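Keep in mind that what you see is a predicted model, and the values were worked out from it rather than measured. Below, read A as the first sequence line, B as the second, and so on, with proteins coming before strands; counting in each chain starts at 1.
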Amino acid sequence: MSQRRQYPFHLIEPKWQAHWEAQASHRAWNPGDILPPQHPFALRHQLGGQVASAANLPPKCYILDMFPYPSGAGLHVGHPEGYTATDILSRFRRAQGFNVLHPMGWDAFGLPAEQYAIKTGRHPRITTNENIATFKKQIRSLGFSYDWSREIDTTDPIYFRWTQWIFLQIYNSWFNPETRRAEPVSQLPIPADLQRGPEAERRAFVDSKRLAFVTEAPVWWCEALGTVLANEEVIDGRSEVGDHPVVRKPMRQWMLRITAYAERLLEDLNTIDWTDSLKEMQRNWIGKSEGAQVEFRVEGVAAPIVVFTTRPDTLFGATYMVLSPEHPFVSQITRPAQRDAVRNYQETVARKSDLERTELAKEKTGVFTGAFAINPVTGREIPVWIADYVLASYGTGAIMAVPAHDTRDFEFAQKFNLPIAQVIDPPGGKDWRGYTDDGVAVNSSSGELSLDGQPTAQAKQTIIAWLESRKLGRRTVNFKLRDWLFSRQRYWGEPFPIVWRKDASGALCHEALPESALPLIPPPLDDYKPTPDGQPPLARATAWVNLPDGSARETNTMPQWAGSCWYYLRYLDSRNESMFLDRGVERYWVSRDSGRASQTPGVDLYVGGTEHAVLHLLYARFWHKVLFDLGHVSTPEPFHKLVNQGLILGEDGQKMSKSRGNVVNPDDVLKVFGADAFRLYEMFMGPLEMVKPWNTQGVEGVYRFLGRVWRLFVDEKSEVEFEQSCAADASREAEFLKRVQLQAAVQAVEPTAEQLKTLHACIKKVTEDLEGMRFNTAISGMMVFVNDALAWTVKPASALADFLVLLQPFAPHIAEELWEMLSRHAPVRNRDSAVALGYQPWPAFDPARLVESAWEVPVQVNGKLRDKLVAPTGISAGDLEKAALASEKIRPFLEGKNIKKVIVVPGKLVNIVVG
RNA sequence: GCCAGUGUGGCGAAAUGGCAGACGCACGGGACUUAAAAUCCCGGGGCCUUAAACAGCCGUGUGGGUUCGAGUCCCGCCACUGGCACCA
């Protein structure tokens, strides 16, 4: 490893970080802000001293990172990957003249801080603050151009006050299926019979329509630990900690009605610029499927069993039915002889974990209820079973089994010897048994209906029409998406702004706190564990929970997702104390109708890891749509363009983890190579969205490149003197740095045509690659420039200045230092030296500079390269053909052959086809 | 099982259907040095031939196809990675 530093990054980097901070260089400006006269943004746009407004501000650009959870372990090399990419683009857009919003904050509620508190008794507030301080220090040391004046922390009451406020907006809304949007619950039409009835019934009706509602949902309860566990804390029906048995236990939970938005969440994916794979993941998660509900009568039971099927055309092949073990009809229809078997089975299933239930390769299990239903088209009696391969939570929790044409039903029928009847004729003579794709209906006729001979699509239409005419079923759409379980039995989260009280009839009911009661701050506790009877930790604070008027506070808290659902909005106006977000500010930053028709709606670019492909991004889209419906934001989608950065693996090509011992700590890298080299390497490794292994020797490569950039500018003798001075008195290093001189070869002269060609090739490459987020090739373009420019005997200051503007987004510290040196010693005529480097206009690419007088023409015979000619650029196709045919090296390949065709592509090549 | 992505030198990678391997790492040779480090210069996919070079042949996971021309487009297969996974 290198001993001598390539250049004094250890002095340069802190120097410029302090400078940017002192100048607030990267502040983004809201309409209404007064622009300081000396701020580089004001100087660049000649707005010094003026009040910013949507009219005088340049176009906006909102570039967002997924904010981190500030863990105790500090930053790892994965974090800065996306952060570097967005920082480079932010700096690029500033140079292009945009008003760039590039903020950072902390997603700081969460389990680790709470678990640490349970172990040590230290309040999560304290450890969270410490972790934030560590993260912030590390992030700053990388030189990212965040606007820290907008920093947010989801655990800060001035932030979560508005998280609670948004919850109240959701709570006070219902989804109107007619208008397909959220509306205030105060406008909910109350049915006439309820209007005159008791108040309790009216309230129950309203509560059943709210977008935030209460339900009994099963959670994992561990008797031995005296606590509720999260899904991921339960392994094979036992607790992860201590290996104690756990049971499913219904508990009162808050839910958010995201299912109401399923259709819009799906449709609007078509309006945003995300990768196809990401959209596909969301589509699969939402899981729309079209089909029909069909009713089956059971002898002696009044209500029919309703099933959902996507293949109503196979109804004639339904030879049995299956209910999920939890289906409410099970106890009604079970015959006495089967009662014990059914109850046993239900209990076995209840004890299984989700994992066990969904384990593939598992044998199908189930029990006959003794009951028979009537197939509505064949009129035949079919047995009704219960089995855990039918899920209670999807569709109607019951299916018609068509074993001939459904894999699961086929397996089940084989195991339990149930009849299998063919009703689809597969194309191409395939075996019909277990065939699940489309085909032609067969054996599907009754006295009044026939599907025979109809292809699947048509048969579906026919049968649905018939079912609807007989009131035996109807067309239905189903979604996999479930309502969002929104409550947690935790301490370190936002308390719900809800109280419970008894109404006149003595029934318990919930009620929202007034907005004036926000923020509702969690009470201090000595013990952060749940109570022995399974109440959330907040229940321990009895003085906080029980209010003087006899009502009691909700003791659940919100999940970690809540704070991250809307943080991108708070950045726009993070210090606003009277509103969650000012409408005028919102309009400037995200709206399409801000008077700038061409502007991107919402966040221009959002970069983060794939691990949030579904949950965070779906939840945030949901909240945004509710806020949109209620008129609080002006776009239906929050994130216009989204890019996932790829994982960085350890040097061994394995996922980084403590147990493998292959974790790379950014601090160590920074110490040896500096922040600029670190940033450059993270981008040079390969395309942003690819998975790629870390390689410390690769860092040395880009570090050497920065050393060459340094030597392109500085005078060697002055640098040697600087180093000797530093060796003599290390305490005065920063002062000695000023003695490093620009080399004499850098002069205020016009570049030659050759030099301009090199420069403009670099401008073109870097500009185009940044637009396409191809950071790795942009860097290689700059390397080519530097390799070339090092050989120049006279180095025109203007060309070097343009290069520094290109380099600045990638390696801002060294670029600033060299810019300062350059401006000190050699006047740069094409640049206004009053404007800071970060706001210098991006150099314009001039295609005329790349024009060559001659060019090397590859000549192929039958597609194989045989010669290269040198021809003038403007040569005609005919002349080029003649020259190619006349070539010494080509002639042997043409001898004795017929020239069939000659393909001449001007600017590309010549291909002679012979036969 | 389903969906998506990726397969190119020793390694990270690059190539609007037009000279495969830019740029970088590692490696080898040279210059500077008492020596090393750093720096600078040169070399570089494989095979075959050759003293060396030129020339030639092969080469982008694999098998086909389209095309004057395919890493790139189309069809089949294989491997790896990620997501979903009894969703009727």
Side-chain angles (χ1 to χ4, degrees), chain A residues 1-6 275-281 283-285 287-289 291 307-311 314 322 357-362 364 387-391 393-402 405-409 411-412 436 478-482 610-611 613-614 644 646-647 649 653 655 680-681 684-687 689-702 704-705 707-708 711 716 765 774 776-784 787 790 856-868 889 892 900-903 905 907-915:
Chain A
M1 185 147 306
S2 55
Q3 292 308 305
R4 188 187 161 203
R5 283 191 191 90
Q6 289 276 346
T275 60
D276 289 337
S277 70
L278 196 67
K279 288 185 184 183
E280 206 48 37
M281 275 194 232
R283 286 194 192 103
N284 290 340
W285 192 264
K288 179 177 180 172
S289 59
V307 303
F308 172 72
T309 176
T310 55
R311 293 297 299 272
T314 62
V322 185
R357 266 190 81 154
T358 57
E359 194 90 60
L360 255 183
K362 226 177 199 143
K364 295 252 179 310
D388 67 355
Y389 82 89
V390 173
L391 308 175
S393 49
Y394 182 77
T396 61
I399 62 153
M400 63 180 214
V402 184
H405 307 296
D406 180 284
T407 313
R408 298 147 302 180
D409 298 344
E411 283 171 19
F412 192 80
T436 58
N478 239 303
F479 294 93
K480 279 203 285 188
L481 185 68
R482 315 280 164 77
T610 341
E611 66 271 23
V614 177
N644 286 126
L647 204 63
L649 306 172
K655 212 173 251 180
L680 221 45
Y681 177 63
F684 190 62
M685 289 167 82
E689 55 280 6
M690 293 277 102
V691 176
K692 42 209 174 276
W694 183 269
N695 175 8
T696 298
Q697 284 175 329
V699 191
E700 272 192 76
V702 292
R704 278 203 281 263
F705 162 68
R708 284 202 299 280
R711 291 189 290 277
E716 208 185 324
K765 182 84 185 140
R774 294 180 296 269
N776 53 333
T777 50
I779 292 167
S780 81
M782 291 190 289
M783 288 172 168
V784 171
N787 290 345
L790 276 166
E856 199 177 59
V857 193
V859 182
Q860 300 178 334
V861 177
N862 283 350
K864 288 194 176 174
L865 183 71
R866 297 301 183 187
D867 192 16
K868 289 178 185 181
K889 286 188 185 161
K900 287 190 186 161
K901 203 195 243 181
V902 178
I903 288 144
V905 187
K908 289 288 180 191
L909 51 48
V910 179
N911 189 13
I912 303 165
V913 187
V914 298

> Is any side-chain N or O of Arg866(A) closer than 4.0 Å to OP1 or OP2 of A55(B)?
Replying inline: no
>> Using 30° and 60° as the class boundaries, would you call the ring planes of Phe412(A) and Tyr389(A) parallel, tilted or perpendicular?
In response: tilted
> Does OP1 or OP2 of A38(B) have a side-chain N or O of Arg5(A) closer than 4.0 Å?
Replying inline: no
>> Please give the distance between the P atoms of C57(B) and C3(B) as a whole number of Å.
In response: 43 Å
> Can you tell me if the side-chain N/O atoms of Gln697(A) get under 4.0 Å from OP1 or OP2 in G24(B)?
Replying inline: no
> Do the side-chain N or O atoms of Thr610(A) get closer than 4.0 angstrom to the phosphate oxygens (OP1, OP2) of G83(B)?
Replying inline: no
> Can you check G44(B) for me, syn or anti if syn means within 90° of 0?
Replying inline: anti
> Is Ser277(A) touching bases, backbone alone, or none of the nucleic acid, heavy atoms closer than 4.0 Å?
Replying inline: sugar-phosphate
>> Is there a side-chain contact between Arg708(A) and the phosphate of G24(B), meaning an N or O under 4.0 Å from OP1 or OP2?
In response: yes
> Closer than 4.0 Å, any side-chain N/O of Asn776(A) to the OP1 or OP2 of G12(B)?
Replying inline: no
> Does Asn695(A) put a side-chain nitrogen or oxygen below 4.0 Å from OP1 or OP2 of A26(B)?
Replying inline: no
> Across the strands shown, which category fits Ser289(A) at heavy-atom distances under 4.0 angstrom: base, sugar-phosphate, nothing?
Replying inline: sugar-phosphate
> For Asp409(A), which contact category applies under a 4.0 Å heavy-atom criterion: base, sugar-phosphate, or nothing?
Replying inline: nothing
>> Does a side-chain N or O of Lys864(A) approach OP1 or OP2 of C58(B) to a distance below 4.0 Å, or not?
In response: yes
> Which part of the nucleic acid, if any, lies within contact of Thr309(A), taking any heavy atom under 4.0 Å across all strands shown: a base, the sugar-phosphate backbone alone, or nothing?
Replying inline: sugar-phosphate
> Lys868(A) near the nucleic acid: base, sugar-phosphate alone, or nothing, with a heavy-atom cut-off under 4.0 Å?
Replying inline: base
> When all nucleic acid strands are considered with a 4.0 Å heavy-atom cut-off, which category describes Gln860(A): base, sugar-phosphate, or nothing?
Replying inline: base
>> Students often get this wrong, so: under 4.0 angstrom with heavy atoms, is Arg711(A) touching a base, only sugar-phosphate, or nothing?
In response: sugar-phosphate
